[in-house]
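To keep things clear, I will list the structure first and then write my remarks on it.
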Amino acid sequence: MMHIKLANGRKADFEVGANIEEIGKVLAPEQMANALGGKIAGEYFGLHHPVREDAELAILSFEDKEGKAIFWHTSSHIMAQAIQHLYPKAKFAIGPAIEAGFYYDIDMEDTLNPDSFAAIEAEMKKIVAANIPLERFSLSRSEALELVKDQPYKVEMINDLPEEEKLTFYRQGDYTDFCAGPHLLSTGPVKAFKLTAVTGAYWRGDAKNRMLQRVYGISFPNEEMLTAHFEMLEEAKRRDHRKLGRELDLFDIFDEGPGFPFFFPNGMVLRNQLENFWREEHRKAGYQEIKTPIILRRELWENSGHWDHYRDNMYMTQIDNENFAVKPMNCPGGMLVFKRRPTSYKDLPIRAGELGLVHRHELSGALHGLMRVRNFTQDDAHLFMAEEHVQKEILDLIELEKKFYKLFGFEFAVELSTRPENSMGTDEQWEMATSMLQKALEASGLPYKINPGDGAFYGPKIDFHLKDSLGRTWQCGTIQLDMQMPERFELEYTGADGEKHRPIMLHRTIFGSIERFIGILTEHFAGAFPLWLCPVQAMVIPISDAHRDYAKKVEEELQKAGIRVEADYRNEKMNAKIRDAQLKKIPYMLVVGDKEAEAGTVSVRARNEARGGVKDIAACIADLEKEIADKDLF
RNA sequence: GCUGUUAUAGCUCAGCAGGCAGAGCACUUCCUUGGUAAGGAAGAGGUCAGCAGUUCGAAUCUGCUUAACAGCUCCA
């Protein structure tokens, strides 16, 4: 016998080997109608799973992340079965659950497109209606290879597994898949589903391999949830920074410059506010500011290692028959600034910030609004220090990053990226640099995960990732520890001992790229920026032409106080002016008519309708100034 | 770069299956002078992304190029 305790506190003894479904029926019968699987010691399983020892068990439903994964994984098998029925020659690769939905990678001659979906969905509907049970079984390697002999990708996967690995299969009717699971007990619960896209994806994620067809889908236990999901996607589309950038006249990208964004007057206000704030915070944190050229001689890039490791992404040019390159990173210029004169240990740490415009030749298919462009401004800084400074400097940096993200209300995920394949330096240097970053991360208490092989070619890094409106994450902040550049550029400082020493260098960004950050910011606030960032902070709305002069007076008073104000003198009804200001997401509308003109007041309407009332002009200015100074998030 | 989809007015889109290019919003002018999300009328605006081809005739069919979107790869 074994002892099972449930999350609801109930417990009982069971025969060893009783499965999760049987246990659940005894201990939590009321949950079993919606049960999809179970979780034991952090691992999740299907209801099939036999339990063999004492355990604490949680029953999983669609509400749980793991429950969704089980549901979607089975949905992917249902789709694969339908595709097998319609395209018997299809070769199947992998078909997992993802953060929202599932996909299956398939290799076949027929090319699928969105018009193919209706037939596949109809076939899936039959499979769901038949409520086919899923059966789990294990095979020896030779039996397994015999079973999948017509499926080359499955053969390759089996051959790549270690000899002793248990090979499990799931069978549902006429479809059998080599698969670790877990899965639902049958196909019936997948009541509502939709195929969403078909795209190309390289086998095993390697661009050198064959490209397979990846069919994406999403599924839910009922139609209402499916509808709600697509409504949520519609809402996300309304927040898309590319759309809002055009609508709010902030920025855009034209055919004339793919990946090279334009900023319009409204966008420049936003951008300058961010840069002003950045400068202020960095002054307080002991930074200097520099600016280095965007075109520099080829030899510099050879020296820095960019020529060997980054050449494909660099734009080249010639000046007077000599070779130059447009900078893809700011560091080499920063090195020259450090080297311009001898440095004493007393000067360290030196923190040199640069809002540096870099150009990188990104692949055309990778471009994405402001999030992925070919020229962008990094809020870069290079910190030069002795080894004893390193821990404190990294910790201070982590605090500075947190301060920035907290101000905007961003959630962020932290990763520690380690040595990539194509990189410079010795193993010893990399280990040392990585452990210094990791030590600081541990001390900071921030949760993080390791991202193996994703470091820069010159050193490991701590990355800060922010989410866009669809939940896609983008790297923004980064803290990189570099032991290569100081060596390559022979940087040194004179120590207290009179000897020359090599400084350690940190590269870092907070916004990452101002462009990307503005993209994230736009989606995060759905274009309704906090007051201090708004291109237009207040719109004066005269009710009729008779109030034009008073409106002008209000406009001028606010302008004198440094508030970004406009007035709408168009020959339109007040309602129309309010509507337009509201659509432009202007935070405050100051309506003025006879009453206000007489009393010297304004009638304040807030875009979020949370604040308002009739105020003296002076009181209105004071309130706006306070909110601007507080950088209040409402 | 790769796979799939797409490209019609500043924006959002219609134009069924080849036969004289359309709507709403925005813009200009006129009328209207109004109290918290759209007052009315008229006007102007397009080499249907570009280049070839098929056809008596192409926005519509075919090919190539360019750009965008989704994903892969890559990255801030």
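In the text below, chain A, chain B and the rest are named by the order of the sequence lines, each starting its count at 1. Side-chain atoms are counted along with the backbone in the values below, which use heavy atoms only and exclude waters and symmetry mates.
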Can A:Glu523 and A:His241 be counted as having a side-chain donor-acceptor contact under 3.5 angstrom?
-> yes

Among B:G35, B:C72, B:U73, the one nearest A:Leu363 by side-chain distance = B:U73

A:His507 vs A:Tyr458, ring pair (Phe, Tyr, Trp, His ring centres under 6.0 Å): CA-CA, chis, key distance, verdict = CA-CA 10 Å; A:His507 309 240; A:Tyr458 46 76; 4.6 Å; yes

Across all chains, not counting sequence neighbours, the side chain to side chain donor-acceptor pair (under 3.5 Å) partners of A:Arg242 are A:Asp240

Side-chain donor or acceptor of A:Tyr202 under 3.5 Å from a matching atom on the base of B:G1?
-> yes

So, A:Asp594 and A:His547: side-chain donor and acceptor under 3.5 Å apart, yes or no?
-> yes

Is the ring centre of A:Phe376 under 5.5 Å from the base ring centre of B:A76, and are the two planes under 30° apart, so that they stack?
-> yes

With a non-hydrogen cut-off below 4.0 angstrom, is A:Val358 in contact with a base, only sugar-phosphate, or nothing?
-> nothing

Across the strands shown, which category fits A:Thr196 at heavy-atom distances under 4.0 angstrom: base, sugar-phosphate, nothing?
-> nothing

Using a cut-off of 4.0 Å on non-hydrogen atoms, how would the nucleic acid contact of A:Ser364 be classed: base, sugar-phosphate, or nothing?
-> base

Is the A:Phe511 to A:Phe404 ring centre distance short of 6.0 Å?
-> yes

Map A:Ala546 and A:Asn113 onto RNA chain B by nearest heavy atom, then report which one ends up closer to the 5' terminus.
-> A:Asn113

Reckon A:Arg516 touches a base, only the sugar-phosphate, or nothing at all at heavy-atom distances under 4.0 Å?
-> base

Among B:A76, B:U36, B:A67, the one nearest A:Gln475 by side-chain distance = B:A76

Can you tell me how far P of B:A37 sits from CD of A:Gln582, to the nearest Å?
-> 8 Å

Using a 3.5 Å limit on both pairing distances, list the dot-bracket string of RNA chain B from the 5' end; Watson-Crick and G-U wobble pairs count, crossing pairs take [ ], interstrand pairs take |.
-> (((((((..((((.....[..)))).(((((.......))))).....(((((..]....))))))))))))....

Does a side chain donor of either A:Thr478 or A:Asp463 reach within less than 3.5 Å of an acceptor in the other side chain?
-> yes

Winner on side-chain proximity to A:Tyr216, out of B:C72, B:A76, B:A67, is B:C72

Classify the side chain of A:Gln213 versus the base of B:G71 as yes if they form a donor-acceptor pair under 3.5 Å and no if they do not.
-> no

Side chain of A:Glu362 - closest among B:U33, B:A70, B:A76 | B:A76

Figure out the NZ/C1' separation between A:Lys584 and B:A37, and round it to whole Å.
-> 14 Å

Would you indicate what A:Met371 reaches in the nucleic acid, counting non-hydrogen atoms under 4.0 angstrom: base, sugar-phosphate, or nothing?
-> base

What does A:Lys461 touch in the nucleic acid at a heavy-atom separation under 4.0 angstrom: a base, only the sugar-phosphate, or nothing?
-> sugar-phosphate

Check: A:Asp545 side chain, B:U33 base, donor-acceptor under 3.5 Å | yes

Ring center gap for A:Phe102 and A:His73 short of 6.0 angstrom | no

Would you classify A:Lys577 as touching base, sugar-phosphate or nothing, given that sugar-phosphate means primed atoms plus P, OP1 and OP2, and contacts are heavy atoms under 4.0 Å?
-> nothing

Looking at the rings of A:Trp301 and A:His309, which for Trp means the six-membered one, are their centres under 6.0 Å apart?
-> no

A:Arg246 has a side chain; which of B:U12, B:G71, B:U73 sits nearest to it?
-> B:U12

May I ask you to say what A:Leu583 touches in the nucleic acid, namely base, sugar-phosphate or nothing, with a heavy-atom cut-off under 4.0 Å?
-> base

Could you check whether A:Ala366 gets within reach of a base, just the sugar-phosphate, or nothing at all, counting any heavy atom under 4.0 Å?
-> base

Touch check for A:Arg210, heavy atoms < 4.0 angstrom, all strands: base, sugar-phosphate only, or nothing?
-> nothing

Does OP1 or OP2 of B:A70 have a side-chain N or O of A:His368 closer than 4.0 Å?
-> yes

Whole-angstrom distance between B:A44 and B:U32, as gauged at atom C1' = 22 Å

Answer with yes or no after comparing the ring centroid distance for A:Phe408 and A:Phe410 against a 6.0 Å cut-off, counting only values under it.
-> yes

